[in-house]
Amino acid sequence: MTQDAPLVDPALATEKEGRLIAQLRQRGSILVGFSGGVDSVYLAAVAVEAVGAANTLAVIGRSPSYPAVQWEAARSVALQMSVPLLEVDTHELDDPRYAANPANRCFYCKTELWSVLVPIAAGRGLAVVADGSNADDWSDYRPGAQAARDHGVWSPLSEAGLTKAEIRHRSAVRGLPTANQPASPCLSSRLPYHVAVTPERLAQVERAEAALRALGITGDLRVRHHGDLARVELGRAELESWLEPAASSRLAAALRSAGYARASIDLRGFRSGSLNVLEGVGA
Amino acid sequence: MAAGDAAQLAAALQAMAGEVVVEGRERLAILRPTPARYGDVVRQREAVVAAARAHGFTHVCVELA
């Protein structure tokens with residue numbers, strides 16, 4: 001389902017989780033920036049075990065860059081795990097520095113997010129605010145990490161040395177529904193840098209990805225927005241079958257239904273941070 | 001950051017997949033093979049990607065009819 005599945009040493013992953021639990025107990029209470037993705041769901045689940053649901057709060061920051069389908073999934077999984085959940089609106093698109101879509105766009109988004117979440121934690125007496133960054137995240141260009149540092153946000157998964165593969169493994173052991181869920185970064189990541197982020201463009205990408213999911217694509221998927229052209233990146237497991245002429249015609253029709261005049265498939269398939277490479281940023 | 005060379009890539013593809021129109025957008029190559037040649041491009045995609053990289057493109061996609 002996902003791009004890569006590195007081998008995991010189960011004993012080492014368990015040991016790291018033990019370290020994580022000890023760190024959480026030391027803090028006593030936590031607000032988790034919650035996207036409903038693999039990392040934040042795992043962190044919230046472990047936090048509930050370590051410090052109890054009464055001392056854990058998961059917070060979703062909603063904005064047009066956050067797909068509606070992901071909100072629903074995040075709500076559902078929080079309910080399933082009995083994690084107290086709060087949803088707040090964030091307004092990064094109102095910040096012209098974000099909307100201009102520079103290479104460090106994520107810095108402004110996360111600055112907005114943490115500037116909303118940190119006061120919530122303070123108001124509720126929660127000891128720390130945490131994100132779901134993991135030990136692998138430092139290999140890609142992530143300007144959002146600076147905003148987290150600026151706001152004193154803690155990255156316990158990274159601190160415990162847990163990699164994405166280990167988090168998926170431990171999620172599966174815990175029976176979390178996100179164990180094999182593809183990564184799903186914000187919709188703005190589908191726009192090349194310096195193409196302005198607008199609610200209309202984000203909605204178009206969201207419609208296109210929803211239309212492709214409706215065709216049965218379950219693995220890694222990104223619709224990269226190049227103006228009139230949609231460039232689809234698919235995981236290796238699904239790429240070949242969707243390149244077949246009949247299947248590719250269905251894919252093209254779905255993209256046109258979302259408003260793209262031209263449809264294409266990337267021949268290399270899904271690459272995390274693909275547009276960073278295109279722009280020569282951090283790669 | 002130099003853009004890819006669409007004309008040179010089109011020439012390189014001629015040998016492996018016949019005539020393919022190449023539209024370059026900075027470092028993205030958009031390939032438009034004829035319907036008859038679409039299968040050739042797809043089947044040889046690793047070689048196509050290698051050719052695109054050799055001519056300065058980091059990304060290569062095939063446009064769907």
Side-chain angles (χ1 to χ4, degrees), chain A residues 103 190-195 208 211-212 215 222-234 236 238-258 260-283, chain B:
Chain A
R190 284 30 161 208
L191 274 55
Y193 293 125
H194 312 299
V195 171
L212 296 186
L215 292 179
R222 302 285 186 276
V223 172
R224 306 293 187 186
H225 178 98
H226 297 277
D228 61 337
L229 176 87
R231 178 173 56 86
V232 177
E233 293 184 3
L234 294 171
R236 285 179 207 148
E238 291 180 294
L239 177 60
E240 185 140 2
S241 62
W242 284 101
L243 281 168
E244 292 293 325
S248 68
S249 294
R250 293 170 58 215
L251 191 143
L255 293 170
R256 289 191 183 106
S257 75
Y260 286 102
R262 301 169 63 190
S264 69
I265 302 182
D266 191 285
L267 292 177
R268 290 183 71 178
F270 169 69
R271 279 187 283 170
S272 179
S274 163
L275 291 175
N276 288 341
V277 178
L278 189 64
E279 297 285 328
V281 174
Chain B
M1 193 170 46
D5 189 325
Q8 293 232 347
L9 176 58
L13 295 180
Q14 176 79 39
M16 67 177 80
E19 187 176 344
V20 176
V21 175
V22 179
E23 176 185 342
R25 292 191 185 180
E26 301 295 331
R27 300 206 292 172
L28 167 65
I30 305 161
L31 310 186
R32 286 201 298 274
T34 62
R37 294 294 190 180
Y38 173 85
D40 293 332
V41 169
V42 166
R43 268 191 302 278
Q44 300 177 81
R45 65 178 181 277
E46 288 185 12
V48 169
V49 168
R53 292 181 72 169
H55 293 289
F57 293 101
T58 55
H59 293 65
V60 55
C61 61
V62 59
E63 186 164 354
L64 306 175

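Numbered from 1 within each chain, the chains take letters A, B, ... in sequence-line order.
Separation of atoms CZ (A/Arg268) and OG1 (B/Thr58) is listed at 8.0 Å; rounding is to 0.5 Å. We find the CG-CD1 distance between A/Leu229 and B/Ile30 to be 5.0 Å, quoted to the nearest 0.5 Å.
Taking B/Val49, B/Val42, B/Val62 one by one and counting their heavy-atom pairs under 4.5 Å with chain A, the maximum is reached by B/Val62.
A salt bridge between A/Arg231 and B/Glu63 is absent, with no side-chain N of the basic residue lying under 4.0 Å from a carboxylate O of the acidic one.
At most 12 heavy atoms of other shown residues, nucleotides or ligands fall within 6.0 angstrom of atom CZ in B/Arg53. Around CD of B/Gln14, the count of heavy atoms belonging to other residues, nucleotides or ligands within 6.0 Å exceeds 12.
Taking the side chain as every heavy atom from C-beta outward, A/Ile265 and B/Cys61 never approach each other to under 4.5 Å. Side chains of A/Leu267 and B/Val41 form a contact here, defined as non-hydrogen atoms less than 4.5 Å apart. By the 4.5 Å heavy-atom criterion applied to side chains, A/Leu239 and B/Arg45 are counted as neighbours. Looking at B/His59 and A/Arg271, their side chains come closer than 4.5 Å, going by heavy atoms from C-beta outward.
Remark: the backbone N or O of A/Leu243 is paired with a side-chain donor or acceptor of B/Tyr38 at under 3.5 angstrom.
Interface residue A/Arg262: backbone and side-chain heavy atoms are both found under 4.5 Å from chain B. Using a 4.5 Å cut-off between heavy atoms, B/Glu23 contacts chain A through its side chain alone, with no backbone atom that close. B/Arg43 does not touch chain A: none of its heavy atoms, backbone or side chain, sits under 4.5 Å away.
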